[in-house]
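Working notes, structure below.
All figures in this text were calculated on a predicted structure; none of them were measured in a lab. Letters A, B, ... mirror the listed sequences (proteins, then strands); counts begin at 1.
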Amino acid sequence: MYSSVTSASSFETRKKLLIEEMAKFLPSDSIIADEETLRVYECDGLSAYCERPLLTVLPDSVEDVQKILKLCHRWGVPVVARGAGTGLSAGATPSPDGILLSLARFNRILRIDPEARTATVQPGVRNLAISQAVEPMGLFYAPDPSSQIACTIGGNLAENSGGAHCLKYGLTVHNVLAFEMLTAEGERVRVGGQGLDNCGFDLLPLIIGSEGLLGVITEITVKLLPSPDAAQVIMAAFDSVEKAGDAVAGVIAKGIIPAALEMMDRYAIQAAEDFVRAGYPTNAEALLLCEIDGVREEVVEYVEQVEGLFRELGAVAVRTSQSDAERALLWKGRKSAFPAVGRISPDYYCMDGTIPRSQLSYVLTRMREMSEEYGLRVANVFHAGDGNLHPLIMFDANVPGEFEKTEEFGGRILELCVAVGGCITGEHGVGLEKIRQMSAQFSEAELEQFHAVKDAFDPGGVLNPGKGVPILRRCQEYRSIGN
Amino acid sequence: MTDIADRLVDQVMTARAASRPLMIRGGGSKAFMGRAVAGEAMDLSEHSGVVDYSPSELVITARAGTRIADVRRALDEQGQMLPFEPPEYEGRATLGGALAANTSGPARPWRGSVRDALLGTRIINGKGEHLRFGGVVMKNVAGYDLSRAQCGAMGSLGVITELSIRVIPKPELETTLVQECNEATAITKMVELCRQPRPLSAVCWTGGRLYLRLSGAEQAVASTIGYWGGELLERAADFWRQIQEQTHEFFEGETPLWRLSVKPSAPPLGNDAPVLLDWGGALRWVRAESSLTAMERYAVSAQGQASLYRHGDRNGEVYHRLSPPLRALHQRLKAALDPDGIFNPGRLYSWL
């Protein structure tokens, strides 16, 4: 049967055979094969990349996922796992000759252990649903990507998602204790444990952030933290980006680690303010949002220090939230900055580079120059505390050639990030989108090492093929174009 | 303060050509850990020195042979510290060794382990290629994280040559509260106190006493003392250093020292052996003439793992044994980084 699949040039033959096999164990409503419904799955949050999979399957038991993987491994059929599809790097774009494995039905919170401060959940549980479920126990799950209402914890592991509060609470990798994974061959393995340290290789950080290339995660135990007593956010407006950058450095130099420290530039401030009316001063060049949380007395002490510091460093306006509602409103502007920019431009393209904080002014200046060069506007939202930039390039996809121009501009921004000592992606992942820039950050030997690791986990190369790590020949071509 | 990377690469190439195992060594402070192995010594102690330190970025980059004590002093001058409080073992322990052996101190549950603080590394793989993974920024998800994968590998996945580590500001104030209680009560209290949003940075129980370290803003520490009450411990820094360095009287003598990493809320293990609880109950040190199998059983009943940390038979397995599929992944990953198996073979597991 295997040979008949590979020798048949037609995808239709393969599709028919796969449906036949899958129908032996999956109920019919778990197999989607019609073109119309398959369109739902043709892209993730980066819709510039679209592919129609042969099939989408929606299993609801680990045993069925295991059977699917074993079959695909045997037949050499690509498998792309997908959570909510909110990813921004085309990491969940289907393979046209493979199946899309939706984990949406794995949406149960299995156990909450308030004493050990953990929650064990299925991968399709939404990020925010975890914090909501444990809130009555005075606990929360820290990583909070902007898409937390929709994105799943399984997807968060695949991308090692961050969010606004990483500076103090870390990324997904810092907040996961254990998971169960199926290997490409369909073997069940447990990685990590209920304790903090485990014997053997530390596979947990290797697999978290591996973009679905090393295994399919089926169960996750996350760490929960006690909800802070109090939290306040200080908003400060500046008449230059440089001053705002100095203010960020000033907070860190004071020995304060804020829960979050975010910056927005003029375009982003205006767009967000028009959208949610958070009370942002729209004449400012840069806006900082600095959240302090902890024991009440500590918050009072630090808020006072930070307010003073911002004024001293030239803030033109400083406002501190006096209630949780006000705090939520100030954050709402920041969290909806992406859709807000979507309202002032027909399309936008979100980048995700990270830079050392000290390089901020230089990078923003260079970006402005490039913006003029390409004739494309850029709005910037920035996790200033941890150096993660999200430039939003505004363009119109209906103008011929403008998307290509945007992509090129974006690529140059990422290369700039690498040149100043940063990296091409802080939290969105490489996916298909940044695969060309991988060779700006890594040497051929390093990329080759990644391929060796991939082969160790997935010798048949069926898991999310073509994502994350470029094939080496292509690197060479890209380099020669770059020169 | 020298860079001997080229020489290290040469040594790897030579060893590879001759299929000769290398025994990687930094300050030699952790020779007691892992399984006893033989091989040509590969000395990293000369490959040392801080390469870059920018306090405002909260990042330090140093060569792997740099002594932790030297790093601590450099950070101290800027009011900063390593978050994971690694033992310095009489000043000999190196930064690379802390990563390879995954050593972290009492603050680990709150401030993370060496892996959590690690941002990037340079390693020499088994092909003699000097590679760089990760970087100097907090967020970096490009490529597989082969930096953090080095944590606890005991040098068997490559020669770590350089590390970039996130540092934190030192707390304004540190105070320790102490109270008398038995082990079972201690675990109950630990669980209860760790659930509260208070500035805890270490929770340990030994000799019938529960020690709670509070670190942070003055106001936060002061208000917690008022809220919880209890006796203040004098010379608390000395006590915590003894826990961190394993020089406390509990660690004296030659009786095998077992390290059980378990679910923090698990009840007492139920054997009569002396025990010291650290990490709010998640780390249990046990002194016992026992077998790995027996200790594994105790650990598993507490949903954790056991390893023979110091003393005892170091020719058999000393680390909690792995399930067959996990073992297969270990062998394949090892082959991906060290195809000829020259780095510390047998140090972690007899079959690796």
Notebook entry, point to check: Is it the side chain or the backbone of A/Ile208 that comes within 4.5 Å of chain B heavy atoms, both, or neither?
Noted result: neither
Check: Does any N or O in the side chain of B/Gln305 come within less than 3.5 Å of the main-chain N or O of A/Gly195, such that one atom is a donor and the other an acceptor?
Finding: no
Note to self: Is A/Leu206 close to chain B through its backbone or its side chain, or both, or neither, when contacts mean heavy atoms under 4.5 Å?
What the structure shows: both
Check: Of the backbone (N, CA, C, O) and the side chain (C-beta and beyond), which part of A/His383 lies under 4.5 Å from a heavy atom of chain B, both, or neither?
Finding: side chain
Checklist line | When B/Leu260, B/Leu283, B/Val59, B/Asn102 are compared by non-hydrogen pairs under 4.5 Å with chain A, the top option | finding: B/Asn102
Margin query: So which residue, A/Val173, A/Leu225, A/Leu214, A/Val430, ends up with the most heavy-atom pairs under 4.5 Å with chain B?
Written below: A/Leu214
Note to self: Nearest 0.5 angstrom please: B/Met138 CE to A/Cys166 SG, how far?
What the structure shows: 10.5 Å
Next item on the list: Considering only heavy atoms and a distance below 4.5 Å, find which of A/Lys223, A/Arg296, A/Gln194, A/Glu211 pairs most often with chain B.
Entry: A/Gln194
Check: Out of A/Thr118, A/Asn198, A/Leu171, which one racks up the most heavy-atom pairs below 4.5 Å with chain B?
Finding: A/Asn198
Notebook entry, point to check: Heavy-atom distance under 4.5 Å to chain A: side chain of B/Ala306, backbone, both or neither?
Noted result: backbone
Next item on the list: To the nearest 0.5 angstrom, please state how far the SG atom of A/Cys199 sits from the CZ atom of B/Arg321.
Entry: 11.0 Å
Next item on the list: Using non-hydrogen atoms and a 4.5 Å limit, figure out which bit of A/Arg357 sits close to chain B: side chain, backbone, both or neither.
Entry: both
Check: Relative to chain B, which segment of A/Ser210 carries a heavy atom at a distance below 4.5 Å: side chain, backbone, both, or neither?
Finding: both
Notebook entry, point to check: Is A/Glu187 paired with B/Arg332 through a side-chain N to carboxylate O contact shorter than 4.0 Å?
Noted result: no
Notebook entry, point to check: chain A: which of B/Gln80, B/Arg115, B/Gln78, B/His320 shares the most heavy-atom pairs with it under 4.5 Å?
Noted result: B/Arg115
Margin query: Can you list the residues of residues 216-227 of chain B that sit under 4.5 Å from chain A, counting heavy atoms only?
Written below: B/Ala217, B/Glu218, B/Gln219, B/Ala220, B/Ser223
Next item on the list: Would you indicate whether the side-chain heavy atoms of B/Pro199 and A/Val295 approach each other to under 4.5 Å?
Entry: yes
Notebook entry, point to check: Counting only heavy atoms not in A/Glu135, do more than 12 sit closer than 6.0 Å to its CD atom?
Noted result: no
Notebook entry, point to check: Is there side-chain contact between B/Gln150 and A/Phe201, with at least one heavy-atom pair below 4.5 Å?
Noted result: no
Next item on the list: Write down the atom of A/Arg117, the atom of B/Pro264, and the distance for their closest heavy-atom approach.
Entry: NH2-CG, 4.4 Å
Check: Measuring heavy-atom distances to chain B, does A/Arg188 have an atom under 4.5 Å in its side chain, in its backbone, in both, or in neither?
Finding: backbone
Item checked: Which atoms of B/Pro109 approach chain A - backbone, side chain, both or neither, heavy atom under 4.5 Å -> both
Next item on the list: Walk me through it: do B/Phe133 and A/Phe450 pass the test side-chain contact (heavy atoms from CB on, under 4.5 Å)?
Entry: CA-CA 10 Å; B/Phe133 299 109; A/Phe450 290 148; 3.5 Å; yes
Checklist line | Heavy-atom check, side chain of B/Leu333 versus side chain of A/Phe457, under 4.5 Å | finding: yes
Notebook entry, point to check: Is there a side-chain contact between A/Arg190 and B/Leu326, using heavy atoms and a 4.5 Å cut-off?
Noted result: no
Item checked: Check ion pair A/Asp202-B/Arg148 (N to O, under 4.0 angstrom) -> no
Notebook entry, point to check: Side chain, backbone, both or neither: which part of B/Lys127 has a heavy atom under 4.5 Å from chain A?
Noted result: side chain
Next item on the list: Using non-hydrogen atoms and a 4.5 Å limit, figure out which bit of A/Ala445 sits close to chain B: side chain, backbone, both or neither.
Entry: both
Item checked: Portion of B/Ala335 that has a non-hydrogen atom of chain A nearer than 4.5 angstrom -> neither
Notebook entry, point to check: Checking A/Thr354 side chain against B/Asn140 main chain: does a donor-acceptor pair fall under 3.5 Å?
Noted result: no
Check: Could you go step by step and tell me if B/Tyr144 and A/Lys454 meet the side-chain contact (heavy atoms from CB on, under 4.5 Å) rule?
Finding: CA-CA 9 Å; B/Tyr144 303 124; A/Lys454 167 74 170 166; 3.6 Å; yes
Notebook entry, point to check: Rounded to the nearest 0.5 Å, how far does CG of B/Asp145 lie from CG of A/Leu203?
Noted result: 12.0 Å
Check: chain B heavy atoms under 4.5 Å from A/Val469: which part of the residue, side chain, backbone, both or neither?
Finding: side chain
Notebook entry, point to check: Relative to chain B, which segment of A/Lys434 carries a heavy atom at a distance below 4.5 Å: side chain, backbone, both, or neither?
Noted result: neither
Checklist line | Leading residue by heavy atom contact count with chain B [cutoff under 4.5 Å; candidates A/Asp455, A/Ile252, A/Leu177, A/Leu196] | finding: A/Leu196
Next item on the list: Against chain A, work out which of B/Gly304, B/Gly135, B/Cys151, B/Ser323 has the most heavy-atom pairs shorter than 4.5 Å and name it.
Entry: B/Cys151
Next item on the list: Please report the shortest heavy-atom distance between A/Ala116 and B/Ser265, naming the atom on each side.
Entry: CB-OG, 3.6 Å
Notebook entry, point to check: Based on non-hydrogen pairs under 4.5 Å, which of A/Lys254, A/Glu448, A/His451, A/Glu297 is most in contact with chain B?
Noted result: A/Glu297
Next item on the list: Look only at the side chain of A/His174 and the backbone of B/Asp116, and say whether a donor-acceptor pair between them is shorter than 3.5 Å.
Entry: yes
Checklist line | Residue, of B/Glu192, B/Arg195, B/Arg166, B/Glu129, that accumulates the most heavy atom pairs under 4.5 Å with chain A | finding: B/Arg195
Margin query: I'd like to check A/Val189 versus B/Leu329 (side-chain heavy atoms, cut-off strictly below 4.5 Å). Are they in contact?
Written below: yes
Margin query: Please determine whether a side-chain nitrogen of the Lys or Arg among A/Asp113 and B/Lys263 lies less than 4.0 Å from a carboxylate oxygen of the Asp or Glu.
Written below: yes
Next item on the list: Check whether B/Leu131 gets within reach of chain A through its side chain, its backbone, both or neither, counting any heavy atom under 4.5 Å.
Entry: both
Notebook entry, point to check: Would you call B/Arg259-A/Asp197 a salt bridge at under 4.0 Å N-O?
Noted result: yes
Checklist line | Whether A/Gln441 side chain and B/Ala142 backbone form a donor-acceptor pair below 3.5 Å | finding: no
Notebook entry, point to check: Taking atom NZ of A/Lys168 and atom CD1 of B/Ile168, what is their separation to the nearest 0.5 Å?
Noted result: 11.5 Å
Next item on the list: Select one option (side chain, backbone, both, neither) describing which atoms of A/Pro228 are under 4.5 Å from chain B's heavy atoms.
Entry: backbone
Margin query: Which atoms of A/Glu115 are under 4.5 Å from chain B, going by heavy atoms: the side chain, the backbone, both sets, or neither?
Written below: both
Checklist line | For chain A, the option from B/Leu146, B/Leu58, B/Val136, B/Val137 that forms the most heavy-atom pairs under 4.5 Å | finding: B/Val137
Notebook entry, point to check: Which pair of non-hydrogen atoms, one from B/Pro197 and one from A/Pro226, has the smallest distance, and what is that distance?
Noted result: N-CB, 3.6 Å
Next item on the list: Measure from the side-chain N and O atoms of B/Glu57 to the backbone N and O of A/Ser358, and report whether any donor-acceptor pair falls under 3.5 Å.
Entry: yes
Check: Does B/His330 use its side chain to pair, donor to acceptor, with the backbone of A/Gly200 at less than 3.5 Å?
Finding: no
Margin query: If you count heavy-atom pairs within less than 4.5 Å of chain B, which of A/Pro205, A/Gly250, A/Gly422 leads?
Written below: A/Pro205
Checklist line | Top contributor to chain A contacts, counting heavy-atom pairs under 4.5 Å, from B/Ala328, B/Ser261, B/Pro171 | finding: B/Ser261
